[in-house]
**Q** 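Just dropping this structure here.
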Amino acid sequence: PVLTKTKPIDITTRDYAEMVNTLLNETNFSIGLFGMGVDGHTAGLLPYNPVMESHTLYDYYEAKDFKRITATPRLIHALDDVVLYAASSDKIEAMKMFMANGPISSIPARLLKDVNKLSVFTDIEGVRI
């Protein structure tokens with residue numbers, strides 16, 4: 001398990017980032033599977049989070065709801081292929097915001113549009129990436 005009660009969150013995050021970095025270095029191809037929240041977040045990257053400029057693959061921060069360990073933009077951009085799955089009617093506005101131009105800080109899922117290869121799976125009509 002990633003989260004344990006025996007290690008502080010900063011050590012847990014560092015250890016997990018090191019493990020993922022090792023795995024990325026040992027493979028020839030990497031795929032990231034991502035969802036998108038109704039607010040446009042992806043992974044644990046909520047809008048206006050403080051880890052968007054992180055230099056590590058994973059980082060953590062204290063969100064309004066709880067402490068979050070999350071993939072960072074650095075990890076997302078290190079992947080060879082990215083898949084976004086966003087389905088259901090409650091994601092229509094989020095998908096519109098995702099597709100529109102604008103700051104990544106307000107809609108972190110927009111990071112996914114700037115990767116090597118992006119595939120989007122959705123049941124929302126009219127989505128053209």
Side-chain angles (χ1 to χ4, degrees):
V2 175
L3 299 175
T4 67
K5 294 183 180 189
T6 59
K7 286 196 276 186
I9 194 167
D10 58 330
I11 303 300
T12 300
T13 305
R14 183 202 65 207
D15 291 350
Y16 192 71
E18 288 175 2
M19 179 189 68
V20 170
N21 188 53
T22 298
L23 292 171
L24 285 173
N25 288 325
E26 291 176 354
T27 187
N28 294 324
F29 191 79
S30 58
I31 299 173
L33 304 173
F34 295 86
M36 182 175 62
V38 296
D39 60 356
H41 83 272
T42 192
L45 297 169
L46 297 174
Y48 307 106
N49 74 76
V51 301
M52 296 300 282
E53 302 298 323
S54 179
H55 297 288
T56 62
L57 298 178
Y58 278 82
D59 212 331
Y60 72 95
Y61 65 100
E62 180 89 35
K64 290 180 183 177
D65 49 3
F66 51 84
K67 290 181 182 175
R68 291 174 174 261
I69 296 176
T70 180
T72 64
R74 182 172 176 214
L75 172 74
I76 291 169
H77 288 114
L79 299 170
D80 297 303
D81 199 344
V82 171
V83 176
L84 171 63
Y85 177 78
S88 77
S89 61
D90 65 338
K91 303 280 176 68
I92 291 172
E93 289 305 311
M95 186 58 75
K96 287 178 183 176
M97 293 185 300
F98 169 77
M99 293 187 311
N101 292 327
I104 291 173
S105 60
S106 63
I107 307 295
R110 287 181 180 146
L111 280 166
L112 304 178
K113 296 192 311 185
D114 188 32
V115 296
N116 295 322
K117 182 180 177 193
L118 172 64
S119 301
V120 177
F121 293 88
T122 184
D123 63 353
I124 300 169
E125 289 190 39
V127 172
R128 301 272 189 270
I129 306 284

**Q** Might you point out which heavy atoms bring Ala94 and Gly40 nearest each other, and give the distance in Å?
**A**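 Taking Ala94 first and Gly40 second, the nearest heavy atoms are CB-N, 4.3 Å.
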**Q** Supply the atom-to-atom distance Asp59 CG to Thr70 OG1, rounded to the nearest 0.5 angstrom.
**A** 8.5 Å
**Q** So do the side chains of Leu57 and Leu24 get within less than 4.5 Å of each other, counting heavy atoms only?
**A** yes
**Q** Dump the intermediate steps for side chain to side chain contact (heavy atoms under 4.5 Å, CB included) on Ile11 and Arg14, then the final yes or no.
**A** CA-CA 5 Å; Ile11 303 300; Arg14 183 202 65 207; 3.7 Å; yes
**Q** Please round to the nearest 0.5 Å and tell me the distance separating atom CD1 of Ile69 and atom OH of Tyr58.
**A**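 Atom-to-atom, Ile69:CD1 and Tyr58:OH are 10.0 Å apart.
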**Q** Does Tyr60 offer a backbone N or O that forms a donor-acceptor pair with the side chain of Lys67 under 3.5 Å?
**A**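 No; judged by distance alone, with no hydrogens or angles, the pair does not exist.
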**Q** With no hydrogens and no angle check, is any side-chain donor or acceptor of Asn21 less than 3.5 Å from a backbone partner on Ala17?
**A** no
**Q** Verify side chain to side chain contact (heavy atoms under 4.5 Å, CB included) between Leu112 and Val120, making sure each step is shown before the conclusion.
**A** CA-CA 10 Å; Leu112 304 178; Val120 177; over 6 Å; no
**Q** Can you see which heavy atom on Ala109 is nearest to which on Phe98, and at what distance?
**A**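 Heavy-atom minimum between the residues: O-CE1, 3.1 Å.
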**Q** To the nearest 0.5 Å, what is the distance between CE on Met36 and OG1 on Thr122?
**A**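 So the CE of Met36 and the OG1 of Thr122 are separated by 7.5 Å.
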**Q** Do Tyr85 and Leu33 touch side chain to side chain, with heavy atoms closer than 4.5 Å?
**A** no
**Q** Tell me if a side-chain donor or acceptor on Arg68 pairs with a main-chain N or O of Leu45 at a distance below 3.5 Å.
**A**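 Checking the backbone N and O of Leu45 against the side chain of Arg68, no donor-acceptor pair under 3.5 Å is found.
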**Q** Provide the closest heavy-atom pair for Ala71 versus Ala43 in the form atom of the first, atom of the second, distance.
**A**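 Between these two residues, the closest heavy atoms are CB-CB, 4.2 Å.
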**Q** Between Arg110 (side chain only) and Ile104 (backbone N and O only), is there a donor and an acceptor less than 3.5 Å apart?
**A** no
**Q** Is it the case that one hydrophobic cluster holds both Leu79 and Met52, taking links as side-chain heavy atoms less than 4.5 Å apart, direct or via other members?
**A**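 Yes.
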**Q** Between Leu111 and His77, is any pair of side-chain heavy atoms under 4.5 Å apart?
**A** yes
**Q** Can you tell me how far apart CG (Asp90) and CD1 (Ile124) are? Round to the nearest 0.5 Å.
**A**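 Those atoms lie 8.0 Å apart.
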**Q** Going through the checks in order, is the side chain to side chain contact (heavy atoms under 4.5 Å, CB included) test met by Lys117 and Val82?
**A** CA-CA 6 Å; Lys117 182 180 177 193; Val82 171; over 6 Å; no
**Q** Side chains of Ile92 and Met95: does their closest heavy-atom pair fall under 4.5 Å?
**A** no
**Q** Are Asp15 and Lys7 side-chain neighbours, meaning at least one heavy-atom pair lies under 4.5 Å?
**A** yes
**Q** Find out whether Glu26 and Leu23 are in side-chain contact, i.e. whether some heavy atom of one side chain is under 4.5 Å from a heavy atom of the other.
**A**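 Glu26 reaches Leu23 side chain to side chain.
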**Q** Counting only heavy atoms from other residues, nucleotides and ligands, does the tally under 6.0 Å from CD of Glu62 exceed 12?
**A**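 Enclosed.
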**Q** Would you say Val51 ends up clustered with Phe66 if hydrophobic residues are merged whenever their side chains have heavy atoms under 4.5 Å apart, either directly or through other cluster members?
**A**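 No, Phe66 does not connect to Val51 through the hydrophobic network.
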**Q** Give a yes or no on whether Leu75 and Tyr16 share a hydrophobic cluster (residues Ile, Leu, Val, Met, Phe, Trp, Tyr; joining criterion: side-chain heavy atoms under 4.5 Å apart).
**A** yes
**Q** For the pair Val115 and Phe34, evaluate side chain to side chain contact (heavy atoms under 4.5 Å, CB included) and give the outcome as yes or no after the intermediate values.
**A** CA-CA 13 Å; Val115 296; Phe34 295 86; over 6 Å; no
**Q** I'd like to know if the side chain of Ser105 and the backbone of Tyr48 have a donor-acceptor N/O pair within less than 3.5 Å.
**A**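 A pair under 3.5 Å: no.
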**Q** If we ignore hydrogens and angles and just use 3.5 Å, is the side chain of Asp123 paired with the main-chain N or O of Ser88 as donor and acceptor?
**A**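 Indeed, once roles are kept as given, a pair shorter than 3.5 Å links the two residues.
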